[in-house]
Amino acid sequence: MRHAASLALPQALQGGAYTGWLATLDARLRIVAALLFASLVVTLGQLPALLGAWLLALVALPAAGLSWRLLTRLLPLALLLSVLLLTLPFSVPGRVLWQVGPLRLSQEGLILALLIWLRASAVLLMLLALVASMEPARFGRALGQLGLPRKLVTLLLLTLRQSQLIGAEYQRLRLAMRARGFVAASNRHTWNSLGWLMGMLLVRSLARARRLQEALRCRGYRGYLPLLDAGGWRQRDSLALPLLGLVLGGLWLLEHLPVGGN
Amino acid sequence: MAHIADGVLAVPVLVTGALVSAGLLTLALRRLDEAQFPQAAVFAATFFVASLISVPIGPSTVHLLLNGLMGLLLGWIVVPALFVALLLQAVFFGHGGLTALGVNTLNLAVPALFCALLLRPLLVRPTRQRALLAGAAAGVLAVLLTGLLLAASLALSGSALVPAARVIAVAFVPLAAVEALISAVILAFLYRVEPSLLLAGQVQHG
């Protein structure tokens, strides 16, 4: 079964048909809300404010109809983030909590690592709840309605569809390799074979691009795709606005008001 | 690996990255004719899929960046292609970040454009040797440059991040070796099977 696992590409975290309250709101509103939340959270530096943001993001997940089990797929933390979290407690000078040889674990370093982890995971969870819970094509259309350049939206929508198709093409090629007894290992043969595999994907995509271009031209493609499904603004979207304001304002206050003895 | 998550970098670094990459994107989009977009999208998607493939190296596996090869084959399209791939990855895969999108785009796109500028002349009249050389050089240069930019964006965000920046810069060296090897294999393969892909500018004006 190990081979089957190495054959698969990482799966996207979205499913598209979520029915939670957050997932029924207007796509544009959700994207803007995620962006505002992220922009605010990355500027926060106080523990209470960040804890608040993190808890809110944690609650947003079931509110969007997503299961917390999704988080286990995120557990193999991004490599880069783990390097940071491991080096920070030792590299920041401060009150020494624990010492082994030249390594000094400082309180300030630990707190800084915790702050970074809270910021990173709060934004990630909120992004999952608000945006990953929508169908990818709807995400592209909403970005277009929000004023992202038309060329970029067209490229995004086409890339979304093509990466599904090419992903399937990759699975087929990989299955064929497996049928001929290919097992990936750390050696020259594997690197050669994977290089040929990627080369073959490129060759096939050239042909695919020509077919796509002809098919689109056939349907009157003039360089952009019409943005269907405006998915009008509803009353519940207006009702969600004060809530968004409350969340952002509350976090700002937690950061900037002196709480307790701070 | 090359994707910085939200909440790590300092705000000035994030803002600078967002502004510069927005400028670069505008510049790149202005150079592109909308009729080329289907082709651009297919290649962007192909590189996106290829960068998700796990490549064994030593006891662990890595994902290739492939930005050098992308720059070499796609030219200016590489900027919006990388932006779109990073956006999709941040939103739907939980890799990278929303506020760090600008910085992440720059860290990958600048080395890609650099490779295009430097190595495309090698492919004007391609031979097998030149294809191998261009591929290997694109792999090494792009990965090392990306590692340096990544380390710089961390180091500029605070002195506390400097040790982590060092560790990460060093970790990019073995990646550069594997990426050089595989990129060379890919270009030699394309030279034999579909040389039209190698002709500089072919994709842009095709």
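Just so we're on the same page: letters track the sequence lines, and every chain starts at 1. Values reported hereafter were calculated over all heavy atoms of this structure, with side chains retained and with hydrogens, waters and symmetry mates removed. Since the structure is predicted, the reported quantities are computational estimates derived from the model, not experimental observations.
A donor-acceptor pair is defined here as one N or O able to donate and one able to accept, closer than 3.5 Å; such a pair exists between the side chain of A:Trp191 and the backbone of B:Pro56.
Contact of B:Leu29 with chain A is made through backbone and side chain together, with heavy-atom distances under 4.5 Å. Residue A:Ser205 touches chain B through both its backbone and its side chain, counting heavy-atom pairs closer than 4.5 Å. The contact between A:Arg188 and chain B is made entirely by side chain atoms (from C-beta outward), counting heavy-atom distances below 4.5 Å. Both the backbone and the side chain of A:Ser163 come within contact range of chain B, judged by heavy atoms closer than 4.5 Å. Heavy-atom distances place no part of B:Leu9 under 4.5 Å from chain A, backbone and side chain included.
In this structure, CG in A:Leu148 is found 6.0 Å from CZ in B:Phe83, a value given to the nearest 0.5 Å. Separation of atoms CG (B:Leu98) and OG (A:Ser39) is listed at 7.5 Å; rounding is to 0.5 Å. Of the inter-residue distances, the one linking B:Ile182 atom CD1 with A:Asn192 atom CG reads 8.5 Å to the nearest 0.5 angstrom.
Summarising the geometry of A:Lys151 relative to B:Leu32, their closest heavy-atom pair is NZ-O, 2.7 Å, with the distance given to 0.1 Å. Between B:Val91 and A:Ala132, the closest heavy-atom pair is O-CB, 3.4 Å. Taking all atoms of both residues into account, the shortest heavy-atom contact from B:Ala160 to A:Leu112 is CB-CD2, 3.7 Å.
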side-chain contact (heavy atoms from CB on, under 4.5 Å) between A:Ile166 and B:Phe48, worked out: CA-CA 9 Å; A:Ile166 291 165; B:Phe48 179 50; over 6 Å; no

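Within the 4.5 Å cutoff, the side chain of B:Asp6 has no heavy atoms near those of the A:Leu124 side chain.
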